[in-house]
Structure formats: structure tokens, C-alpha cells
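I am attaching a structure below and will ask some questions about it afterwards.
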Amino acid sequence: MIPASLERLLYLVSAALFIVGLKRLQSPATARQGNAISGLGMLIAIVVTVLGLEILSPAVLGAGLLVGSAVGWWMARSVQMTSMPQMVALLNGFGGAASLLVGGAEFLKSELRGETIPVDTGITIQLSLLIGAVTLTGSLIAWAKLQEVMTGKPITYPGQKLLNALLFLAVIVLSAYQIMTPEAHLWPFYAVCGISLLLGVLLVIPIGGADMPVVISLLNSYSGIAGAMTGFVIQNDVLIISGALVGSSGIILSQIMCKAMNRSLANVLFGAFGGGTATGTKKSAAGLTVKSVTVEDAAIQLAYAQQVIIVPGYGMAVAQAQHAVRELADLIEKKGGTVRYAIHAVAGRMPGHMNVLLAEANVPYDKMFAMEDINSDFDNCDVAVVIGANDVVNPAARTDPSSPIFGMPILDVDRAKSCIVLKRSMGAGFAGIENELFYAPRTSMLFGDAKQSITKLVSEVKQL
Amino acid sequence: MSDALITGIVVFVLATYLGAELIGRVPPTLHTPLMSGANAISGITVVGALLVAAAGLGWISTVLGFLAVVCAMMNVVGGYAVTDRMLQMFKKEEKK
């Protein structure tokens, strides 16, 4: 047992540790320490809470802590770096579920005791139910789309937006009814939970797989806001502070990605992008020829290049080619060239995903560059190597106003003296758009599985 | 509106701006660990979950509390552990 004032101060300490932890995340050199500091803050909050409780069911408490920790630990250890977007989606879902459950339990507690819930607590309970439920089912759908358990294509039907709007309105009306009628009614509560869970599903299904990174960031934000609402319900500052921190983090990341795609958040959420049949540019494939290159020729180009920039995309992740890429880069550097990595903000399936995969292959982080920092260097680049990336290097974004991605900032690989594109086949990208880069005179295509192609390149360069 | 709610709103708004300042300066390279790390922080709901689970107010409340603790702890432990796993891979170039 600890006094309530001390308890509040200790909660403040843990909130401060979260802030220090996030601050340390501003440099890769201090980030790991920052994460540990943030974890310490969490430990303090949990210990303080447990000590402050009048525990009536220690077995339930202990079992919950143990089971949750064990499953979380197992997930964190076993997940493949390639599957990180799915992992984050699931974690978001759990956060949402926790808020939904706590909000629900708080409501039922008061109802069962026959207490009247004050209006302001009522509002925050309803909000934590709504946001928690939408986060939970929305995240599960995002997970299913990323895991390809369900189609990555947008699912649309007539009247979709109207239906969602009506359901949302229904939640608001039911919540208001619940808050305003003090006498115990349970049905609006269950209805709010049910409709909110349904809304989470319906809001995410019309969003294409390629836009899932934005959805995950946004759901991340929701899970934070849901946590903050729970903080209002139980009147706890540390929940409000951390919920707000996470809430703004998710919003900022979604904005960064929308900017990188030159689309508004509304367009991502309601535009059902990537749904139509491949809207090829007017001057698509017809009459243009693709120049393919042999492994031997590509190896010669790379071995004698001074400046090489590698542009990784989701294809690299799928082929698990990052280790072979690192090996190739080592060889080029041994021969006197410089190798850097250009990473587009929406490469891969979540922001920073490529960086994690490259770091896994021991690529030093000071060789990874964001688009703004490296785009001007393509002019002096001898060979640009595009590995499994497509839309983020499509020059149509600069030149073709009829292209769906027109105006999106891209990596200017077409300005390099030579560009080698590693690709499985001539299929269109995730967004289903034809890419004229593949037909450019300076571009040569190296077809095949990215990992196999790079492994072959490695052995060829070795012999030179 | 109660004083507690007003104070809560003040804290929420200020923390949102603080969060924006902090997150805006995280380099793109760390955006994935940032997300999983922020995710772990949102597991702070565990505090509310523990309160509910311990209250011992009939089985519905206890079951919901138990599930809430499990979900929040998966979020906390999974989030921190996977973030640490990622961050330990980020290394500077070794000087030869």
C-alpha cells in the first residue's frame, strides 16, 4: 500500500520516462537506450498500480500478467523482420482491445452496483468503447490484408460510405441515449460495442493493401487515443499523457506517408485506391521495347562503378534478398566503389520497414538515406540498382499528368548514368500502374528472383 | 464538467503537442521501431486493466479485466521486446 499522492507522483515519473525514451529515439545511436528507459517507465507504472491495489483476485491478476507477457515475448522473438507490419497491426489491435475491455468493465461495474455514471465519465467510457473497438477490428483486417489471408484489393459496394456514416451516427445516438438515461439499460451498451466492432471492419476493407502502412499508422494513433480515453475514465494522468504521445505519433507518421504519396489522408481512407484495372499510362507498353541484361554484364557495370545507389522495395523483402544485397555491396566497396541506399518513405509496407531489413543484414544506418537527402546525387550516380521497387521510381509521377501517381515525389533513378532494375517479371506494381522507367534507354532489366539474381551477381563480381 | 476532466483535457492537449515535437524529429530510418515502441507505450492501458481485474466485482467484470490485462501485456511486452530486437541491429559503419 502506498499513499495516493506518492502514487500520482510515481505515475508522473513513468510519464517523464516515456518522454525521455521517445526523445532518445531521435538518433539511432541512443535509440536502444531510449526504448529501455521507456520500458522502465512502464515497469514503474505497473508496479505502482499493483502495489496500490486492494487485490481481491490475485490469481486472476497474476495469470493475466503472466499469460500476456509470455505471449508478447514469444511473438516478439519469433516474428520475422519481413512480417513487422503485421506484428505492429496486431499490437495495435491488442491495445484497442484493452481499451474496449477496460471501458466495458468500468461501465458494467457501475451498472451492476446500481450507480449512476456521471455524464463526463459516461462520455469518456463511450469514446473508449468506440475507438477501442474500431482499433481492434480495423487492425485485424489490416493484419489479414498484409498477411494476405484476405484480398489486398479494396472491397467496395454501392452505398458503402453512406452505410458507414449511418452506423457512425447510430453509435453517436445510442451513446448519447446511454449517457442521458441514468436508469440501467444494457442493450445500448452492447449495441454500441457491436456496431463499433463492425465499423472497424467496414472502414478498413475498402482500403487497398498498398495503403495499409497509412492505416496501421492511423490505427496506432487510435490505440493511443483509446488509451487516453481510458485514462479519462479512470482519471489517471499517465494514461492520458502516454495516450496523447502515441496519438500524435501515429498521426504524424500517417501524414508523412500521405505526403510521400502526394495524397490526402481522406483520399487514402475513402478513395479505394488501386481498385480499378491497371490504369496504364497512354503511352504504355505498345511499341516500346525492354532491354534486358545478362548477369555477367550487370556484374561488370557494378564492379567498375564509382557511385552505386541501391533502391530497395518490397520485392527485396519478399525475396529475403537483403543479406545477398549487403554481400554485393561489400564486394563493390572492396573494388573501390561507394554504395549507398536510397529509401522512399513508402517503400515496403510500413514506414522505415526497408531500413529495418537492411539493418538486419548489417548495413550500417549511416549508409541509408531518405529521398530528400539523396535525390540530387542520382545525377552523379554510375549505377542505380532497383530491387523490387516499382511505383516509387516511376517517372510518370513527374511527367504524366494522367497517371494516378502523378505528383508523388519519387526517387530519380532515371537520372543515373545507368539503371539496373531487378524484377521478377514485367507485371505492374502494387498500385497496378505501368512504369516507363523499364523502357528508358538507360535502363536495363535483370529478370528473376531478386535473391537468386543478386547471389549470381555476387559470384560474378567476385571473379572480376 | 468536473475539475478532474478539465485537468485531464489540459494534460491531453499539452501532451499531444509535446508528442508532435518529439516524433517529428525522429529520423525516417527509425520509423518502424518508433511505431512498435509507441505501441508498447499505448499498452499503458494495463494500469486500467489491472484496476478492473483486481476489483473482484462479479465474474463478468473479472473476465473482462483478465482479458484486458492479457491484451495490454501482450502489447507492452511484445512492443518493447520487438523494438529492442530491431534497434540492436542498427549499427554505425565500423571504421576499418
Side-chain angles (χ1 to χ4, degrees), chain A residues 18 22 25-26 28 31-32 35 39 45 49 53 55-57 60-61 64 67-69 71-73 75-76 88 91 94-95 97-99 101-102 104-105 108-109 120 220 223-224 227 230 232 234-235 239-242 244-246 248-249 252 351-353 355-356 359-360 364-366 368 370, chain B residues 1 4-5 8 11-12 15-16 19-20 22-23 25-26 28-32 34-39 41-42 44-45 47-50 52-54 56-58 60-62 64-84 86-87 89-93:
Chain A
F18 292 149
L22 283 175
L25 226 56
Q26 289 173 4
R32 197 177 175 200
N35 186 53
T49 309
L53 288 174
I55 304 175
L56 296 174
S57 43
V60 173
L61 211 66
V67 171
S69 305
V71 176
W73 181 259
M75 281 176 65
V88 172
L91 290 175
F94 296 148
S99 297
L101 290 164
V102 174
L108 289 175
K109 185 179 83 183
D120 46 9
N220 194 12
S223 77
T230 314
F232 281 110
I234 63 166
Q235 295 189 356
L239 261 78
I240 299 178
I241 296 173
S242 3
L245 291 174
V246 179
S248 52
S249 140
I252 287 180
H353 191 197
N355 306 71
V356 170
E360 186 191 15
Y365 62 78
D366 37 2
M368 308 174 198
Chain B
M1 275 199 279
L5 183 64
V11 169
F12 180 77
T16 303
L22 286 170
I23 308 301
R25 286 177 205 176
V26 174
T29 271
L30 293 180
H31 277 171
T32 294
L34 166 67
M35 255 167 112
S36 57
N39 221 308
I41 294 179
S42 75
I44 188 72
T45 318
V47 169
L50 288 168
V52 170
L57 272 161
I60 298 184
S61 212
T62 308
L64 291 184
F66 171 78
L67 291 176
V69 173
V70 171
C71 285
M73 279 317 277
M74 287 198 282
N75 201 343
V76 167
V77 175
Y80 281 117
V82 85
T83 307
D84 186 66
M86 281 189 270
L87 289 175
M89 303 186 310
F90 278 87
K91 293 187 190 85
K92 231 186 155 107
E93 178 157 43

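Letters A, B, ... mirror the listed sequences (proteins, then strands); counts begin at 1. Since the model is a prediction, treat every value here as computed from it, not as a measurement.
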From A/Q26 atom CD to B/L34 atom CG, the distance as rounded to the nearest 0.5 Å: 10.0 Å
Interatomic spacing from CZ in A/R32 to CE in B/M89 - rounded to 0.5 Å: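 Output value for this atom pair is 11.0 Å.
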Among B/I41, B/L64, B/V82, B/V26, residue most engaged with chain A (heavy-atom pairs, under 4.5 Å): B/I41
Nearest atoms (heavy-atom pairs only) where B/T16 meets A/A244: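 It is OG1-CB, 3.5 Å.
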Segment of A/I234 engaging chain B (4.5 angstrom heavy-atom cut-off):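 The answer is the side chain of A/I234.
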Contact class of B/L30 relative to chain A, heavy atoms under 4.5 angstrom: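 Just its side chain gets close to chain A.
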Nearest non-hydrogen partners of A/P364 and B/K92, listed with the distance: CB-C, 3.7 Å
Residue among A/V71, A/L101, A/V88 with most heavy-atom pairs under 4.5 Å to chain B: A/L101
Interchain contact, A/Q235 with chain B, by part (heavy-atom threshold 4.5 Å): side chain
Rounded distance (nearest 0.5 Å) linking atom CG of B/N39 with atom CG of A/L91: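 Those atoms lie 5.0 Å apart.
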Distance (rounded to the nearest 0.5 Å) between A/I252 CD1 and B/R25 CZ: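 Spacing of CD1 (A/I252) from CZ (B/R25) equals 10.5 Å.
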Over all atoms of both residues, closest heavy-atom pair of A/G352 and B/T32: C-OG1, 3.0 Å
Option that, when pairs with chain B are counted at under 4.5 Å, heavy atom only, ranks first among A/A370, A/S249, A/G104: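 Winner by heavy-atom pair count: A/S249.
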Nearest non-hydrogen partners of A/L61 and B/A53, listed with the distance: CD1-CB, 3.8 Å
Residue among A/S223, A/A45, A/G95, A/S69 with most heavy-atom pairs under 4.5 Å to chain B: A/S69
Member of B/V47, B/T45, B/L67, B/V69 meeting the side-chain contact (heavy atoms from CB on, under 4.5 Å) criterion with A/V102: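 Passing option: B/T45.
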Considering all heavy atoms, the nearest A/S248-B/A20 contact: OG-N, 3.4 Å
Most chain B-contacting option - heavy-atom pairs closer than 4.5 Å, from A/G227, A/S99, A/G39, A/A97: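 With the most close heavy-atom pairs to chain B, the winner is A/G39.
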Residue pair B/A15 / A/L245: nearest heavy atoms and the distance that separates them: O-CD2, 3.7 Å
Region of B/A72 in contact with chain A, defined by heavy-atom distances below 4.5 Å: both
Point-to-point distance, once rounded to the nearest 0.5 Å, from CD1 of B/I44 to OG1 of A/T230: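 The distance works out to 11.0 Å.
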Contact origin within A/N220 toward chain B - heavy atom pairs under 4.5 Å: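 Just the side chain, heavy atoms under 4.5 Å.
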Side chain, backbone, both or neither of A/L239 within contact of chain B (heavy atoms, under 4.5 Å): both
Residue among A/W73, A/Y365, A/F18 with most heavy-atom pairs under 4.5 Å to chain B: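 Highest number of pairs under 4.5 Å: A/Y365.
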Atom pair NE2 (B/H31) and NE2 (A/H353), whose distance is rounded to the nearest 0.5 Å: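 Interatomic distance, B/H31 NE2 to A/H353 NE2, rounded to 0.5 Å: 15.0 Å.
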